[in-house]
Colleague: 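Mind looking over this structure? Questions follow.
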2 protein chains.
Amino acid sequence: MADEIELPDEVTLLWGLRETVRRGRKPSLTVADITRAAVEVADAEGLAAVSMARVAAQLGNSTMALYRYVKSKDELLLLMSDAALDGPPNLPDGQDWRTGLTLWAQGLLKMLRRHPWTAQIPISGPPVGPNNLWWFDRALRALGDTGLDEEDKVGVVMGLLTFVHGELRLSTELSKGYVENPEAFSRQYGMALTQVVDAQRFPALSKVIAAGIFEGEVRYDEEVEGEFGLGLFLDGVAAFIERRTERQGY
Amino acid sequence: MADEIELPDEVTLLWGLRETVRRGRKPSLTVADITRAAVEVADAEGLAAVSMARVAAQLGNSTMALYRYVKSKDELLLLMSDAALDGPPNLPDGQDWRTGLTLWAQGLLKMLRRHPWTAQIPISGPPVGPNNLWWFDRALRALGDTGLDEEDKVGVVMGLLTFVHGELRLSTELSKGYVENPEAFSRQYGMALTQVVDAQRFPALSKVIAAGIFEGEVRYDEEVEGEFGLGLFLDGVAAFIERRTERQGY
DNA sequence: GCTCTTAAGCGTAGCTCGTACGCAATTATT
DNA sequence: AATAATTGCGTACGAGCTACGCTTAAGAGC
């Protein structure tokens with residue numbers, strides 16, 4: 001009935017709800033084609049390589065043809081950021097919340113690391129893309145039997161998302177330099193720090209450096225690094241759930 | 001003695017260690033001037049407005065003059081990202097670790113929110129800028145009397161940094177749309193979700209929507225939103241410290 | 001003080017990008 | 001067949017980064 005409420009532009013775009021037409025020349029592309037091509041380019045050559053011309057070339061079309069399907073490059077970026085979450089990991093249901101959320105966060109991180117450029121796309125609004133909402137739903141589902149009310153669940157999931165995005169921004173981008181040249185990376189970094197950090201201004205930091213944390217094998221192992229912080233956060237969630245359910249005599 | 005080890009480019013840049021010269025025309029600018037001007041532009045008009053020409057105009061110089069001080073725009077962005085952390089909040093010493101870290105994270109977030117464009121600058125390597133290291137040091141210092149070893153401290157601080165960066169990326173960018181038009185934001189968003197989310201594919205999410213979490217007053221109050229996740233994380237740190245110190249018979 | 005060396009200031013120009021506009025080609029409707 | 005609607009795309013413009021090289025200014029050596 002109330003179908004006539006006009007949805008925002010981004011929503012109709014992301015859900016493929018743009019009106020289908022009758023008359024005129026047949027489209028030779030689809031929005032999905034363009035998105036896929038753009039993702040391919042970004043995966044292979046980085047987000048900086050994604051220009052309208054480059055994407056069009058990937059598809060064998062001219063640059064301007066794309067603008068019949070997408071209003072601007074920003075729209076294309078929006079599509080890409082939802083497309084990056086494609087492919088359902090299909091987490092096993094029926095776990096306790098902690099393993100559920102751990103698998104969820106790890107799966108999300110793994111997926112996003114396959115498309116590291118997502119961290120560079122500016123966020124333009126709350127999540128509305130189907131894949132984004134799909135992931136959101138799965139996280140909420142993992143919290144299903146915790147006794148938290150809906151608002152708290154959203155808070156927890158938002159916190160997890162916050163963490164995952166931070167992880168993506170920091171570790172992934174950092175480790176880019178690391179995997180290219182691990183030895184030079186850690187050795188040079190340690191050296192540079194010792195040269196520049198003096199114990200007067202940076203007492204705590206220079207203690208860390210003295211302990212040799214930054215020399216030798218810097219463990220920028222993405223897995224390990226992510227686990228640690230994630231574990232801390234989930235410990236916090238556990239404490240929170242306990243507090244909440246106690247108070248409610250659960 | 002071992003002063004002769006060549007520091008990486010970025011380090012000499014960020015610490016102002018580029019060789020001072022004798023002969024030739026006197027420089028009319030400094031790297032600091034340029035950085036300050038660029039930050040002004042970004043604060044006032046956003047990162048997109050920061051072009052070499054715009055910054056030069058801000059300083060009353062020509063575009064190409066800047067390239068005598070900075071090798072590329074990327075170098076300028078690097079300088080900006082360290083400059084954004086300027087101004088010591090000078091956290092009170094001698095607190096327990098939890099209030100110390102809470103103040104630290106809140107102070108960092110507050111500072112970064114005054115320069116929201118930092119989230120859009122791609123990270124090119126581990127932190128080496130003086131201000132970055134200064135903040136790092138303060139966080140480590142707050143963990144001084146917890147009995148954690150240096151490696152664990154670094155892990156905790158990295159986790160906090162991860163969280164803060166995620167917070168900056170998600171909430172800050174999101175709330176941009178919100179403060180511009182709060183009512184349209186929440187109302188439209190809730191509406192769009194109800195139109196598009198069906199209970200079959202998104203069972204948990206549609207329960208949340210049904211509970212009215214996204215309608216009405218969406219509480220994108222930055223303070224509150226940040227506190228919640230941060231509190232969860234710190235709860236986790238507390239549990240971690242307890243575990244560690246128990247095991248070591250502390 | 002004169003000359004030489006070195007470095008700063010900057011105009012020009014080339015390349016890449018995003019995209020507005022308009023015309024030609026193509027297809028469904030009448 | 002004629003018409004209307006749409007897609008494909010060539011051209012063009014403005015903005016951005018920056019390589020190059022010339023001009024200008026300031027210290028160094030005599």
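Chain identifiers are assigned alphabetically (A, B, ...) following the order of the sequence lines, protein sequences preceding nucleic acid strands; residue numbering begins at 1 within each chain.
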Colleague: In whole angstrom, give the distance that lies between atom NZ of Lys71(A) and atom C1' of dC21(C).
Modeller: 18 Å
Colleague: Could you state the interatomic distance from CZ (Phe228(B)) to CE (Met158(A)), rounded to the nearest 0.5 Å?
Modeller: 10.5 Å
Colleague: Where along residues 28-43 of chain B does a heavy atom fall under 4.0 Å from DNA chain C?
Modeller: Ser28(B)
Colleague: Pull out every protein N or O sitting under 3.5 Å from an N or O of nucleotides 14-18 of chain C, one pair per line with the distance.
Modeller:
residue	atom	partner	partner atom	Å
dG18(C)	OP1	Lys73(A)	NZ	2.5
dG18(C)	OP2	Met52(A)	N	2.9

Colleague: Tell me every residue that passes side-chain contact (heavy atoms from CB on, under 4.5 Å) with Ser81(B), counting only those two or more places apart in sequence or in another chain.
Modeller: Leu78(B), Ile121(B)
Colleague: Rounded to the nearest 0.5 Å, what separation is found between the OG atom of Ser206(A) and the CD atom of Gln200(A)?
Modeller: 9.5 Å
Colleague: Which pairs with one or both residues in residues 127-139 of chain A pass salt bridge (Lys or Arg N to Asp or Glu O under 4.0 Å), sequence neighbours excluded?
Modeller: Asp137(A)-Arg141(A)
Colleague: Could you please name the option among dT11(D), dC10(C), dT7(D) that lies closest to any side-chain atom of Met64(A)?
Modeller: dT11(D)
Colleague: Whole Å only: how far is the CG atom of Asn61(B) from the P atom of dA7(C)?
Modeller: 20 Å
Colleague: Tell me: CG of Leu77(B) to C1' of dG16(D), nearest whole Å?
Modeller: 13 Å
Colleague: Has Trp117(B) got a side-chain atom pairing as donor or acceptor with Ala48(B)'s backbone, closer than 3.5 angstrom?
Modeller: no
Colleague: Are Leu112(A) and Val164(A) packed together at the side-chain level, in the sense that at least one heavy-atom pair is separated by less than 4.5 angstrom?
Modeller: yes
Colleague: Name all residues meeting the side chain to side chain donor-acceptor pair (under 3.5 Å) criterion together with Thr194(A); count only those two or more places apart in sequence or in a different chain, and write none if there are none.
Modeller: none
Colleague: Over the length of the helix from dG1(C)-dC30(D) to dT30(C)-dA1(D), how much do the five-pair end axes diverge, rounded to 10 degrees?
Modeller: 10°
Colleague: Atom CG of Leu76(A) and atom P of dT19(C): how far apart are they, to the nearest Å?
Modeller: 10 Å
Colleague: Would you indicate whether the side-chain heavy atoms of Thr118(A) and Leu85(A) approach each other to under 4.5 Å?
Modeller: no
Colleague: What pairs with Trp15(A) under ring-ring contact (aromatic ring centres under 6.0 Å, His included), at least two apart in sequence or on another chain?
Modeller: none
Colleague: Just jot down the side-chain contact (heavy atoms from CB on, under 4.5 Å) partners of Thr162(A), sequence neighbours excluded, or say none.
Modeller: Phe163(B), Glu167(B), Leu170(B)
Colleague: Rounded to the Å, how far apart are Leu59(B) CG and dA8(C) P?
Modeller: 16 Å
Colleague: What salt bridge (Lys or Arg N to Asp or Glu O under 4.0 Å) pairs are there with at least one residue in residues 31-46 of chain B, not counting sequence neighbours?
Modeller: Asp33(B)-Arg36(B), Glu45(B)-Arg54(B)
Colleague: Scan residues 60-71 of chain A for pairs that pass side chain to side chain donor-acceptor pair (under 3.5 Å), counting only residues two or more places apart or in two chains.
Modeller: Asp9(A)-Lys71(A)
Colleague: Return the set of residues passing side-chain contact (heavy atoms from CB on, under 4.5 Å) with Asp82(B) (not counting sequence neighbours), or none when no residue passes.
Modeller: Leu14(B), Pro130(B), Asn131(B), Asn132(B)
Colleague: Indicate for each nucleotide in nucleotides 22-30 of chain D, in 5' to 3' sequence, whether protein heavy atoms under 4.0 Å reach the base (B), only the sugar-phosphate (S), or nothing (-).
Modeller: --BBBBS--
